[in-house]
Every structure is written in structure tokens, then in C-alpha cells.
There are 4 protein chains.
Amino acid sequence: MSGPAAPRRPRRHDPGRRDRLIDAALTVIAERGVAGTTHREIARVADVPLGSVTYHFASLEEVLREAFTRHAEAAAQVFDRRLSAVRDRDAAVEAVISLVAEDLLGSQDDLVLAVELYVAAARNPVLRAVTQAWMQRSRRALERHFDPTTARQLDALIEGLVLHSALSTDPMTPGQIRQAIERYLR
Amino acid sequence: MSGPAAPRRPRRHDPGRRDRLIDAALTVIAERGVAGTTHREIARVADVPLGSVTYHFASLEEVLREAFTRHAEAAAQVFDRRLSAVRDRDAAVEAVISLVAEDLLGSQDDLVLAVELYVAAARNPVLRAVTQAWMQRSRRALERHFDPTTARQLDALIEGLVLHSALSTDPMTPGQIRQAIERYLR
Amino acid sequence: MSGPAAPRRPRRHDPGRRDRLIDAALTVIAERGVAGTTHREIARVADVPLGSVTYHFASLEEVLREAFTRHAEAAAQVFDRRLSAVRDRDAAVEAVISLVAEDLLGSQDDLVLAVELYVAAARNPVLRAVTQAWMQRSRRALERHFDPTTARQLDALIEGLVLHSALSTDPMTPGQIRQAIERYLR
Amino acid sequence: MSGPAAPRRPRRHDPGRRDRLIDAALTVIAERGVAGTTHREIARVADVPLGSVTYHFASLEEVLREAFTRHAEAAAQVFDRRLSAVRDRDAAVEAVISLVAEDLLGSQDDLVLAVELYVAAARNPVLRAVTQAWMQRSRRALERHFDPTTARQLDALIEGLVLHSALSTDPMTPGQIRQAIERYLR
DNA sequence: CATGAATGAGTATTCATTCAT
DNA sequence: GATGAATGAATACTCATTCAT
């Protein structure tokens, strides 16, 4: 035990701090939820003083918006990457299966972030815009290989599979994921 | 608001008060989210003094647990009612379609409560148990008419359709819901 | 030295605390000005925990409004008392002189409170209403003995004499006050 | 407002900047009061970067002192100009009337600045010196035409008339101002 | 020289919970 | 039994000032 506060190395010059704060915010959202995301907690995770968070962001909502935007962008790139690499429909089906079984279910944090964004978006129009842009982008990616109706339904199925897996004590196995998607896409 | 407490008409003997508080809590969760659910807000909605909430419940978590349990019970009964009334598989498919298009998408509050429960459950084991019992119960209801694998996948699909509709600016029409479910169930 | 915080005697039951808080607020306004009037400072002067101030008043503005209202009421009563005790005009002139020279200039705190109220009222409509009610009431008291035009001008003169005295290193003597008022009232 | 600083056009060599900052400070004091006068607000009004304010002034108090000094100087010049232009006592009376009815009551900002200075001076010795110099100077100007006792009383009357008018919903008309001053000066 | 990132102290306010009446 | 006053910890946010660039 060495006093009430940990010594903090001075770091007056720290370019890129704003970026690190956004990453720290995503960590906090995943760990404690949007409701547990406070200036203090973000500052603690980023190892910067409290005032630094309020200096770089005019409000907590701004932090959340930027954090979720960054997360959605990264998630959308995964979609794009998986689906732009394939040429025929069979490969597309495999790509969707891998996307769900590996990318989406692979990271517990990402699952949690998705659900947190959904619930936050239910009450915050700014975040709803982020969600909708994300949904639209994933639908566009699916439409490269599937007709619009199928793409939309598939997108909902993916969402449901991910959500169920995130909350279940008994998540689906990759084989079950494969079966569900193949059944839908013939 | 000015001053600590508004005068309130006396209502000393009030046997249903605990029940009314649980309903008030559900109203508050739907309106403001779990994060905005406070003793004060519940008391205000139920029109009872602040002390009454802490008198009837040992903690806020207890209120949330009871409220979500009641909500899940009511939601499960809707599942049961729809699916126990049918005798053959074709009627079961129709029942699922009605369930989603009418019951689940019919009430914005219910959608919101479901998502709030999901996210709260992600961090609270007590609430996770409520969620899982609910999921299990709806799966059992589906298993009256579909094999376990189909039931599980269908449950996830339903979840996805509901969630997508809840968050989209452009929700699916009943016809689209019907098409997605029929496609899955042949 | 005995630790970071002074021990505070427990005082869970404390009727009249709200009243004491209003008095404490007046003390703080007089000592530090409206700009220096904070929840913490009021709590410190009243020797209650910080949360107590926010419990009894919905906002700092509410505290200021109640404090200035109480002060204006007390000040108006002094006016009334001085002026209701006299029967003829000569006695009224003496009463005004005593009012200014003794009551108004007698308490440095009261002078300061008056100026603080003026400046706060310049930006806060709620406080402007307090000021105007006070001005109106003192004018009515003067109108018992002087015609309305004289009353109004006399009221302004009193204000000016008080303000000048409050700010001057070289305040007017009672004799000078008497001369100024007598000159005006013949 | 989003983020710490808006991009700003460069203006490296700017010799009048200190002066502009003082004017900006007076604008801010008039608009928001001394309590609302911050480095940031002054910088915003002057359209210069935040660091520029702290570069040119060692502290906020220095800004306030210079701003009030400039204001008092300008106000005193108005007094001087009105009263140095006249030769006999009747003209002096007219000059005082014009001074109050036109100059002093003509600018709401000037009224507010005067009251802000009074209240700030009540707690800040540096500003009290500014106030007293100003009072002394206006008294000297009046003494060109009136004996010292009359000058002093007249100065207080002017103060009272201005203050009353500033705060009243029902300010005095120019005719009433004239009557009050003429009555005092015969 | 001039700037703006950085920081720490301070502000109003909310609220779960305790407890005397 | 029921209430609401009381409390202390926490929250978002502001800002004067310092200081590296």
C-alpha cells in the first residue's frame, strides 16, 4: 500500500490520446455496459486524468457515438472482407457461415457491444443512426450475392443467431450454425 | 419540481401496492430503460411515497428481477396460448406467423422490454436466469410442433426478425414476416 | 491535526433544517457573493452534509430565490415598521432619515445583500420578481406619507445613498444623510 | 460544440489583439456577468485561440481590472464632456438631466456594467479602487458647477435613479427624471 | 511568440439506501 | 407498518492555469 493514488508518469505531450480514449470507451462498454460507461472509468482504462476525457469530448454522448461508429465500421469491414472475396453463390454461403461462426461468435466483446448498441439506440437517435448505417451496410454486402429479400431475411437470421448465442448458456455449435444458414439458403 | 416531496393523499391500507410497484417498474423500464429506472421514478409512476419502494423491496435489483420475471411470464403465456391452440403443422406455422407479426411486433413496449432484459442479463446473473428460463420456455412451446433443431433455429429467427424490426426505420411488413418464416419452415 | 474531516455529530432528526439552510445561504451570499454561493459552502456554514442541501432544494436557484425572498421580507418589514409608527409628515421625514441612517446603513451585510440581489436580478427573472416586489412594497410604505411622485423619487434617492455608502471609502455621516433627505423633502 | 477547438484562420501578427481582448471582456461581462466571464468566453467573442487570453493577461482578474478600468474611463469622459461644455448653473442642470436621461439610461449594457462593477468591487480591492476613482472623478465633474455637498448628494441621486430604472419594469420617463433632478437642484 | 493540449480542483445534481419518527 | 428526511458516494461537466511544442 502506497497512498491513495497511483503515481502517474507525466505525459504532457501525447498525440493520439483522443484515439486511445475511443478505444478505452469501447473496452469499458464491453466490460460494464453503456450504463456503466462514465468519464472516470474511461479515464482509468486509458490511464489519463479525468479532465482529459472531458477535454477531448464535449459530452459522454459524443464519446459513445464515436466509439460505436468505430466499432460498427470495423464490424462492417469484416462483412465486406468475407463477402467480397468470393465469386459464386456456394462460396458466398460458406462465407456467411464463416462470418457468423468465426467472426461474429468469435469475440464475446463484439457480441456484447452489438447488444449494448441496440439497447442504447432504442433511446438515442444519434446512436440509432449509427445502427442503421451499420445494418444497411451489412445488407448491401449480402446483396452482392443474394437477392434483396433473401439478404434482408438472412441479415435478421444472423442477428438472431448471434443474439441467442450471446445470451444462451448453451450456445450453438459451428455445425448448428452451418445447418441453420444452409437450410435458409438451400 | 420544488422541494423534496409533494403532499400525497393518504392510503394506509393498500394490499395491492407491491404488485402495482412491479407494474410501475415495467412502465419505467420501457420508458427510460434499466439505466433510468430509479426508486424515485417508480414511486412517481405508482403514485406512492419514495419510502414505499424501499419498504417493499430490499434493493433495486429485486425490483428489476421481479419486474422482468413478470414480463417474461406474460410473454411466455402468449407463446403458449398461440401454440397450444393448434393441432397440425400448417396451423402451427400460421400460429408462429401471427405470434411474430401480431403479438411480438404489436407492442413497442414489449420489444423494448425484451432488449432491455437482454442487455441487463448480459451483466447480471440473476437476470440471466430469467432470460434463460424464458428462452427455454418458448423453445418448449415450439417443440410441441417442430423438432428440437428446427425449434431452436426458429426461435433465433424470430428473435432476429423482432430485433431488426424494432430498430429499423423500415420495419418488415406482415407479408415479409410471413415469407421469411414460411421459407424456413417450408 | 486529527484526520481529513471534522467529526460531525449525528443529527438524523432535525426539523427546521430547511430554514437554517436558507439563513446559511444568506450568510454565504453576504460573505462571498452570489457567485461564491455553492451547495458546499451553504452546507459548511449550516454544518450539514452536502446532500442535505440538494435534498431540500431542487436547485441552487431555488435556494437563492428563497433566501432573497426572506431577506426582502425582513427588509420590507423594517420599512413598514418605521413608517407606520408616525402620524404627520414631519415625523415621516424623521422616520425616513432614521431608516436610512440607522437601519439601512447599520448593517454592512444588508447593504451587500441588496447589491448582490440587484446584480443577480439583472440576469435572473425569478430574482427580478423578488426585487420588484420589494421595490413596490417600499414605495407603498412611502406613499402613506408622500405623494406617489415624491415617493418614487425618494425611493431612488434612498437607493443611491445606500449604494454610494456601501461602496465608498468615505461613507456619508448621519448628518449628511439627514441633509440630503431634508433637502429633497423640503 | 464538438471537440476541443474549432479550426481558426491564422493571424500571427496582430498588434491590437490585447485591446480587442479587453473589449471582448466588456462584452462578455455585459452579456453574462462577471461570474460568467471566462477565458474561453472572451476568446470566443474575440475570435482568438484560448491560449491567447492567458498569453496576454496573467490572470482573469487582470482582464477584469483592465476591462473595468477602460469602461470607467469611457463613462467618466461622458460626464466630463457633458459638464465641461456648459458655463452657467442652469445649463449645468440641463447637462445633468441629459446625462442621466440620454447617456446613462441610453445603454442597457452600460447600466449592467456599472452594477457588475459595484458587486465585483464589494469583494475585490483592486476593483474597489477602480470604482472609487470613477466615483471621485464624476464628483469632481459635478463640482465644477455645484458645491461639494450638493455634488455628492447629486451623485448619489443619479446612482439611485439609474439603478431603479435599470431594475424596474416601469422605468422612469425622461420627464420624471427631469423633475427629480430639478427638484433637487431647485 | 503563440498556441492548444493537458490537468486537477471545483460545480450542480442524482440517487440507493438507512433510519428516526 | 409506513414514511420521508437524511446521507455519502457518484455522475457529467466547467474552467483557470500550466506547459511542451
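Letters A, B, ... mirror the listed sequences (proteins, then strands); counts begin at 1. Values below: all heavy atoms of this structure, side chains included; hydrogens, waters and symmetry mates excluded. Please read all numbers here as calculations on a predicted model, not as lab measurements.
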OP1, OP2 of dT7(E) versus side-chain N and O of R17(A): anything below 4.0 Å?
yes
For E73(C), which residues count as a salt bridge (charged side-chain N to carboxylate O under 4.0 Å, His left out) partner, sequence neighbours excluded?
R137(C)
With sequence neighbours excluded, residues passing salt bridge (charged side-chain N to carboxylate O under 4.0 Å, His left out) with R123(D):
E116(C)
Can you tell me the distance, in whole Å, between the CZ atom of F57(C) and the C1' atom of dC15(E)?
19 Å
Listed partners of E41(A) passing salt bridge (charged side-chain N to carboxylate O under 4.0 Å, His left out), at least two apart
R32(A), R44(A)
To the closest 0.5 Å, what do you measure between CG (L127(A)) and OG1 (T69(A))?
8.0 Å
Test salt bridge (charged side-chain N to carboxylate O under 4.0 Å, His left out) applied to D23(D) - qualifying residues, sequence neighbours left out:
R70(D)
How many Å lie between CG on L21(D) and P on dA2(E), as a whole number?
12 Å
Provide, to the nearest angstrom, the distance between the CD atom belonging to E62(B) and the C1' atom belonging to dA16(E).
14 Å
Give me the distances for all protein-to-nucleotides 10-14 of chain F N/O pairs that come in under 3.5 Å?
| unit_1 | atom_1 | unit_2 | atom_2 | d |
| --- | --- | --- | --- | --- |
| dA12(F) | OP2 | H39(A) | N | 3.2 |
| dC13(F) | OP2 | L60(A) | N | 2.8 |

Could you spell out the base pairing of DNA chain E in dot-bracket, with Watson-Crick or G-U pairs whose two distances are under 3.5 Å, [ ] crossing and | to another strand?
.||||||||||||||||||||
Within the structure shown, what part of the strands sits under 4.0 Å from S52(A) by heavy-atom distance: base, sugar-phosphate, or nothing?
base
For T37(B) and G33(B), the nearest pair of non-hydrogen atoms, with its separation, is OG1-O, 2.7 Å
To the nearest angstrom, how far is E41(B) atom CD from dA16(E) atom P?
10 Å
Could you state the CZ-C1' distance from R18(B) to dG1(F), rounded to the nearest angstrom?
15 Å
Rounded to the Å, how far apart are I42(C) CD1 and dT11(E) P?
11 Å
Tightest non-hydrogen contact, residues A72(B) and V130(B), listed as CB-CG1, 4.2 Å
Nearest-Å distance, CG (L64(C)) to C1' (dA12(E))?
12 Å
Sole candidate of L117(B), I29(B), L60(B) that passes side chain to side chain contact (heavy atoms under 4.5 Å, CB included) when paired with V34(B)
I29(B)
What is the distance, to the nearest angstrom, from the CZ atom on R20(C) to the P atom on dA5(F)?
15 Å
Inter-residue atom distance N124(D).CG - R65(D).CZ, 0.5 Å rounding:
9.5 Å
